[in-house]
Q: 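Pasting a structure below so you can have a look.
These values consider heavy atoms only, across backbone and side chains, with no hydrogens, waters or symmetry-generated copies. Only a predicted model underlies this, so the values are computations on that prediction, with no experimental measurement involved.
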Amino acid sequence: DGHAEINELFVNYYKAYAAGDTEEMVGYANPITDMEKSYISMYSQYIEKFDNIICYTKTGADENSYIVSVAYDLKYKNVETAAPGLDFFYVRTNEDGSVYIDNLYSQYNLKIKENALDTSIQNLISEYEYSEDVNTLQKEVQGKYDTAIASDDKLSEMISTTIPNAITEWAGTIVSQNTETESTEQAPEETTESEQTETPE
């Protein structure tokens, strides 16, 4: 939490994400493709809110960019226990000094590769994710996540069954749409924008 403007950025980003407000999200993260907007709209239906957002930042490729780990507690609708999570982002600075999320390097696009990536920045993010201090953070969040899952059957069912089924259904819809329009795009495999160290952005 060393950068107030970055903390504010992610509080606003996650608030808009939980609301499924992709138009507002574009003000904090870009580009967001139509497919990713569709995914967020689907996934956010299960989200009540994100709490306890904590940002861990390191300098990116230059002094005006940052690699950010964001830890949070994700509260699903109708589930009492929140699920601890950890996301990675690449943040840049606008000419006016404001910060924004370069969404080319969202976990969604890193997996789906709907948009082309700068290999040097992609490699920088990979190095960051495998660094010792980030691994320590990942293990800490994973431990909390495992404890939360074990303590609440409803949370376990939400993450192991409800969300995967919803993603599968959504992906099937995308395949259908692509077939109808003879699109060459491939439907994404199961993923989430908000990943609890490999589970649900």
Side-chain angles (χ1 to χ4, degrees), residues 1-3 5-7 9-14 17 22 25-26 28-40 43 50 52-74 83-94 98-146 149 159 163-164 167 171 174 184-201:
D1 283 340
H3 300 269
E5 70 279 11
I6 290 179
N7 296 350
L9 171 68
F10 283 105
V11 167
N12 291 332
Y13 171 85
Y14 281 114
Y17 195 111
T22 54
M25 287 180 69
V26 171
Y28 310 125
N30 60 79
I32 302 179
T33 65
D34 288 342
M35 186 183 292
E36 186 172 3
K37 287 179 180 178
S38 172
Y39 174 83
I40 292 167
Y43 185 55
F50 292 87
N52 304 320
I53 296 168
I54 301 174
C55 300
Y56 302 85
T57 61
K58 284 192 174 182
T59 303
D62 57 59
E63 62 182 11
N64 293 317
S65 62
Y66 308 88
I67 304 177
V68 186
S69 297
V70 185
Y72 53 79
D73 290 325
L74 171 52
L86 186 66
D87 286 346
F88 297 97
F89 295 91
Y90 198 73
V91 173
R92 296 184 187 272
T93 306
N94 285 310
S98 62
V99 290
Y100 71 96
I101 299 163
D102 185 342
N103 210 51
L104 285 177
Y105 304 97
S106 67
Q107 290 176 174
Y108 177 94
N109 195 54
L110 285 172
K111 182 166 185 177
I112 304 305
K113 294 181 174 59
E114 194 176 354
N115 287 317
L117 304 170
D118 182 322
T119 304
S120 62
I121 293 179
Q122 192 174 0
N123 290 340
L124 188 67
I125 292 172
S126 294
E127 290 176 11
Y128 169 83
E129 291 185 343
Y130 287 105
S131 65
E132 184 177 350
D133 50 352
V134 173
N135 281 332
T136 299
L137 178 60
Q138 286 177 315
K139 289 177 182 177
E140 179 183 331
V141 174
Q142 185 69 52
K144 293 178 180 178
Y145 173 80
D146 291 342
I149 293 291
I159 290 174
I163 297 297
I167 292 173
I174 296 298
T184 57
E185 291 181 79
Q186 292 184 344
E189 299 173 7
E190 181 177 315
T191 185
T192 57
E193 181 112 355
S194 304
E195 299 194 1
Q196 273 92 20
T197 61
E198 304 307 329
T199 21
E201 68 346 355

Q: Which label fits Tyr13 and Tyr17: parallel for a plane angle under 30°, tilted from 30 to 60°, or perpendicular past 60°?
A: tilted
Q: If only side-chain N and O atoms count, and only distance matters, is there a donor-acceptor pair under 3.5 Å linking Asp87 with Tyr14?
A: yes
Q: Just checking, any donor-acceptor pair under 3.5 angstrom between side chains of Glu127 and Asn123?
A: no
Q: Taking the side chain from Thr136 and the backbone from Glu132, do they hold a donor-acceptor pair closer than 3.5 Å?
A: yes
Q: Could you check if a side-chain atom of Asn30 sits within less than 4.5 angstrom of a side-chain atom of Asn103, using non-hydrogen atoms only?
A: no
Q: Grab the two heavy atoms, one from Gln138 and one from Asn135, that are nearest each other, plus how far apart they are.
A: OE1-OD1, 2.9 Å
Q: Roughly how far, to the nearest 0.5 Å, is the OH atom of Tyr66 from the OG1 atom of Thr59?
A: 7.0 Å
Q: I need the minimum non-hydrogen distance between Gly60 and Leu124, along with the two atoms involved.
A: C-CD2, 3.6 Å
Q: Enter the distance from Ser65:OG to Asp102:CG here, rounded to the nearest 0.5 Å.
A: 9.5 Å
Q: Evaluate side-chain contact (heavy atoms from CB on, under 4.5 Å) for Tyr145 paired with Ile159, printing each intermediate quantity in order.
A: CA-CA 11 Å; Tyr145 173 80; Ile159 290 174; 3.2 Å; yes
Q: Any idea which heavy atoms bring Thr93 and Asn64 closest together, and the distance?
A: OG1-O, 2.8 Å
Q: Just how far is it from atom CG of Leu104 to atom CG of Asp118, taken to the nearest 0.5 Å?
A: 9.5 Å
Q: How close do Glu129 and Val134 get, counting heavy atoms only, and between which atoms?
A: O-CG1, 3.7 Å
Q: Nearest 0.5 angstrom please: Leu137 CG to Asp133 CG, how far?
A: 8.5 Å
Q: Go through the steps for Ile67 and Tyr90 under the test side-chain contact (heavy atoms from CB on, under 4.5 Å), then give the verdict.
A: CA-CA 5 Å; Ile67 304 177; Tyr90 198 73; 3.8 Å; yes
Q: After noting the C-alpha distance and the side-chain angles of Lys144 and Asp73, does the key distance pass the side-chain contact (heavy atoms from CB on, under 4.5 Å) rule?
A: CA-CA 10 Å; Lys144 293 178 180 178; Asp73 290 325; over 6 Å; no
Q: Take Phe10 and Phe89, measure what ring pair (Phe, Tyr, Trp, His ring centres under 6.0 Å) needs, and give me the verdict at the end.
A: CA-CA 10 Å; Phe10 283 105; Phe89 295 91; 4.7 Å; yes
Q: Show the nearest heavy-atom pair for residues Tyr108 and Met35, with the distance to one decimal.
A: OH-CG, 3.2 Å
Q: Leu86 and Gln107: which non-hydrogen atoms are nearest, and at how many Å?
A: O-OE1, 4.2 Å
Q: Working to the nearest 0.5 Å, report the span between CE of Met25 and CD1 of Ile101.
A: 7.5 Å
Q: I'd like to check Ile32 versus Thr22 (side-chain heavy atoms, cut-off strictly below 4.5 Å). Are they in contact?
A: no
Q: Is there side-chain contact between Ile53 and Val70, with heavy atoms separated by less than 4.5 Å?
A: yes
Q: Does Phe88 form a side-chain contact (heavy atoms from CB on, under 4.5 Å) with Tyr128? I'd like the steps, not just the answer.
A: CA-CA 10 Å; Phe88 297 97; Tyr128 169 83; 3.5 Å; yes
